[in-house]
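Lettering follows sequence order; numbering is per chain, from 1.
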Number of protein chains: 2
Amino acid sequence: MTHRIDMCPRFESAFEILGKRWTGLIIRVMLSGPQRFKDIAKNIPHLSDRVLTGRLKELEADGIVIRHVYPETPVRIEYELTEKGRDLKHVMDAVQAWASDWIEMDEPEEPKGK
Amino acid sequence: MTHRIDMCPRFESAFEILGKRWTGLIIRVMLSGPQRFKDIAKNIPHLSDRVLTGRLKELEADGIVIRHVYPETPVRIEYELTEKGRDLKHVMDAVQAWASDWIEMDEPEEPKGK
DNA sequence: TATTATACTTACATAAAGTTAGTTACATTA
DNA sequence: TAATGTAACTAACTTTATGTAAGTATAATA
């Protein structure tokens, strides 16, 4: 009816994943290799256990992450990126490049005067 | 204390912007040139006015978008990406490439059997 | 049996997003 | 002059997502 830009549904799908809080940081941390739950949590300061659990499940459902269970004592569970997940490195690199060019960091991490 | 990966604060900042629902799609639509409020809304189906207003303000505050007011009748307001915003094209291209490689679209946009 | 550690769950509070309706400003029309 | 129409919001309310704190499951060990 009206002429609208043809928004690629794959692009929309991609942003349903990336456009959620924490997802980008989780993937970035996992790009350095398989990680245990607590290691991911440790590397992403304000991320809660509850949300990390949810995100890992979503990413697993999306085929971006695999969950490995090692029946040791205590049980060891590792999360690893699939090829699909590792290929997001190109996206993360682009974000990093943009951030390096454009984000200033004069103020400390949590500015008070807000 | 513990050894954690040094999460680049610029990267975190970038994902505070990109890691919000709709932001990626809004920027993608704006990459095709200055747009009026209603045009952006028209090109992003399920995005509400309320959220679009908020996102445009955030993006303006982040220096990614400029708001131009043309005192015509009725008043015409156009939103345009700044250089900082246009430079996000590289990120969007990487997302598009990843999505083209990895996102399947067998099922219709809103699968029923979920 | 009690203790310890990891990887979750659950319950509840707050913040963000969705939905619908209304407002403002101005020119055109009746 | 009053009614109408349009774009760009804004307000009120509901629903969903996230934050926070505490609790659970499992298995080896003391």
Side-chain angles (χ1 to χ4, degrees), chain A residues 1-4 12 15-27 29-30 33-62 65-81 109-110 114, chain B residues 1-4 12-13 15-27 29-30 33-62 65-80 109-110 114:
Chain A
M1 196 168 277
T2 51
H3 46 96
R4 61 174 59 154
E12 286 188 52
F15 259 105
E16 275 173 32
I17 299 165
L18 297 171
K20 292 189 91 163
R21 195 169 182 191
W22 304 115
T23 304
L25 300 189
I26 292 168
I27 290 169
V29 166
M30 295 191 66
Q35 313 257 339
R36 300 181 70 167
F37 188 93
K38 73 176 168 57
D39 295 321
I40 301 172
K42 191 170 59 194
N43 284 311
I44 306 179
H46 303 285
L47 169 60
S48 69
D49 282 8
R50 198 182 69 72
V51 172
L52 179 53
T53 300
R55 287 292 184 279
L56 288 171
K57 281 183 182 165
E58 290 163 9
L59 292 172
E60 201 186 350
D62 291 330
V65 159
I66 320 174
R67 184 175 186 268
H68 299 286
V69 179
Y70 301 97
E72 301 172 359
T73 299
V75 64
R76 181 165 56 97
I77 290 170
E78 283 191 352
Y79 293 93
E80 186 181 17
L81 291 177
E109 279 196 63
E110 290 179 352
K114 191 71 182 300
Chain B
M1 197 169 277
T2 52
H3 45 97
R4 63 173 57 155
E12 285 188 52
S13 255
F15 259 105
E16 275 173 33
I17 299 166
L18 296 172
K20 292 188 91 164
R21 196 169 181 190
W22 304 116
T23 304
L25 301 190
I26 292 168
I27 289 169
V29 165
M30 294 191 68
Q35 314 258 338
R36 301 181 69 167
F37 188 93
K38 72 177 170 57
D39 295 322
I40 301 172
K42 191 169 58 193
N43 284 310
I44 306 179
H46 303 284
L47 169 60
S48 69
D49 283 8
R50 198 181 71 72
V51 173
L52 179 52
T53 300
R55 287 293 183 279
L56 287 171
K57 280 184 183 165
E58 290 163 9
L59 292 171
E60 201 186 351
D62 290 331
V65 159
I66 320 172
R67 183 175 187 270
H68 299 286
V69 180
Y70 301 97
E72 301 173 359
T73 299
V75 64
R76 181 164 57 97
I77 291 171
E78 282 190 352
Y79 293 92
E80 186 181 17
E109 280 195 62
E110 290 178 353
K114 194 65 183 301

Outermost contacting nts on DNA chain D, any atom under 4.0 Å from chain A heavy atoms, listed 5' then 3', are D:dT18 to D:dA28
Sorted by chain and number, sequence neighbours left out, salt bridge (Lys or Arg N to Asp or Glu O under 4.0 Å) with B:Asp39 holds for B:Lys42
Sequence neighbours excluded, the answer for side chain to side chain donor-acceptor pair (under 3.5 Å) partners of B:Glu60 is none
Sequence neighbours excluded, the answer for side chain to side chain donor-acceptor pair (under 3.5 Å) partners of B:Glu16 is none
A:Glu58 meets the salt bridge (Lys or Arg N to Asp or Glu O under 4.0 Å) criterion, sequence neighbours left out, with A:Lys20, A:Arg55
Across all chains, not counting sequence neighbours, the side chain to side chain donor-acceptor pair (under 3.5 Å) partners of A:Arg67 are A:Tyr79
With sugar-phosphate taken as primed atoms, P, OP1 and OP2 and all else as base, the protein-contact string of nucleotides 3-9 of chain C at under 4.0 Å (heavy atoms; B, S, -) is ---SSBB
Residue set satisfying ring-ring contact (aromatic ring centres under 6.0 Å, His included) with B:Phe37, at least two apart, ordered chain then number -> none
* Asked: Does A:Arg21 place a side-chain N or O at less than 4.0 Å from the phosphate oxygens OP1/OP2 of C:dA16?
  -> no
Smallest heavy-atom separation, A:Met30 atom then A:Gln35 atom, equals CA-CG, 4.3 Å
query: Is the shortest side-chain N/O distance from B:Trp22 to OP1 or OP2 of C:dG18 below 4.0 Å?
result: yes
The helix from C:dT1-D:dA30 to C:dA30-D:dT1: angle between terminal helix axes, five bp per end, to the nearest 10 degrees, reads 30°
Would you please test A:Leu81 and A:Leu59 for side chain to side chain contact (heavy atoms under 4.5 Å, CB included) and show each step?
CA-CA 9 Å; A:Leu81 291 177; A:Leu59 292 172; over 6 Å; no
| message | Go through it in stages, so that I can follow the logic: the residues are B:Val65 and B:Ile26, the test is side chain to side chain contact (heavy atoms under 4.5 Å, CB included), and I'd like the CA-CA distance, side-chain angles, deciding distance and then a yes or no. | response | CA-CA 11 Å; B:Val65 159; B:Ile26 292 168; over 6 Å; no
By salt bridge (Lys or Arg N to Asp or Glu O under 4.0 Å), A:Arg50 pairs with (sequence neighbours left out) none
